[in-house]
Amino acid sequence: MVNEILELKTRYNALILAHNYTRPEIQDIADFVGDSLELSRKAAECHAPVIVFCGVRFMAETAKLLSPDSIVLHPNPKAGCPMAEMASPEEIRAYRAEHPDTMVVAYVNTTAATKTEVDICCTSGNAENLVASLPSDRRLLFLPDANLGANIAAKLGRKIELWPGCCPTHNKILPEHITEARQRHPDAIVLVHPECLPAVVALADHALSTGGMLRFVHESPQKEFIIGTEGGILHRMRKENPDKVFYPLEPAVLCPNMKRITLEDVLNSLRDMSPTVELTEEVLRRARDPIDKMLEVH
Ligand code: SF4
């Protein structure tokens, strides 16, 4: 199956992008594996005629926004992100009608339709810098992830209105899971994702995006790490750092949607050139702006 995928990939000059949380065998056939910000940048600069996006739907939509002339394949349409469904365009319009002076900052984990109603997007990799760059006298609403919004607000000491959304996967990580892991591995550094509850982030050594975690463990002289995010990232961490030890939390943290895309799905999508991501002209035009603004901030 891998050989067939690689053959079709060459025939169509396709680029396979995979998120750090996808299955190990998907990461191994990808041209590029990364977090949302890194994958967005790759999609914007690649100019590939065909992009096979292995991740959840909003990420494939973002690739289409940034590379509208490419055919973007999303191999399994059932791979959606529940958090991205927690803020609809209608709800944001209603909020704006009540709070016309508020600047709406959307985590990239939103649908393309929702992005048409927001001022600027961010990912967990650039959220802090991005919010810090916004005018300090503006009232801010952060959506849809209340945990990420609260963690940024605490870090920057800035008041931010929070939308009541969350990642159901990261929300399962509780403070006692961190405490127990530290007792089992007292010499390990604890890294968690900023989608975790603020009480969990408070117990960690660092809260980082998956891309940030990978850079941190690579550069750190430490040898042991406790990883508080979706378990798919352990594959790349272990592959790239064979001399270091990585401990998942117990119970394991897995996102069922990120695991939906299989090698068979990738093969079928390349063979059939389907399912493609399609967005209306209006969504392509209006949702691109907050993404472009995001990519301007480092
Ligand atoms: S880990 Fe959470 S935010 Fe990421 S795709 Fe899964 S549900 Fe969505």
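Counting starts at 1 for both ligands and their atoms, following the listed order.
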Could you enumerate the protein N, O or S atoms under 2.8 Å from atom 8 (Fe) of ligand 1, written like residue then atom name?
Cys81 SG

Aromatic ring pairing His170/Tyr21, orientation class (parallel under 30°, perpendicular over 60°, tilted between)
tilted

State, yes or no, whether a side-chain contact exists between Lys64 and Phe53 at a heavy-atom distance under 4.5 Å.
no

Electrostatic pair Glu219:Arg215 at N-O distance under 4.0 angstrom:
no

Using heavy atoms and a threshold below 4.0 Å, how should the contact between Glu195 and ligand 1 be classified: side chain, backbone, both, or neither?
side chain

Can you tell which of Glu161, His99, Arg96 makes a side-chain contact (heavy atoms from CB on, under 4.5 Å) with Leu141?
Glu161

Within 6.0 Å of NZ in Lys223, more than 12 heavy atoms from elsewhere
yes

Qualifying residues under side-chain hydrogen bond (donor to acceptor under 3.5 Å, both in side chains), relative to Lys9, sequence neighbours excluded
Asp31

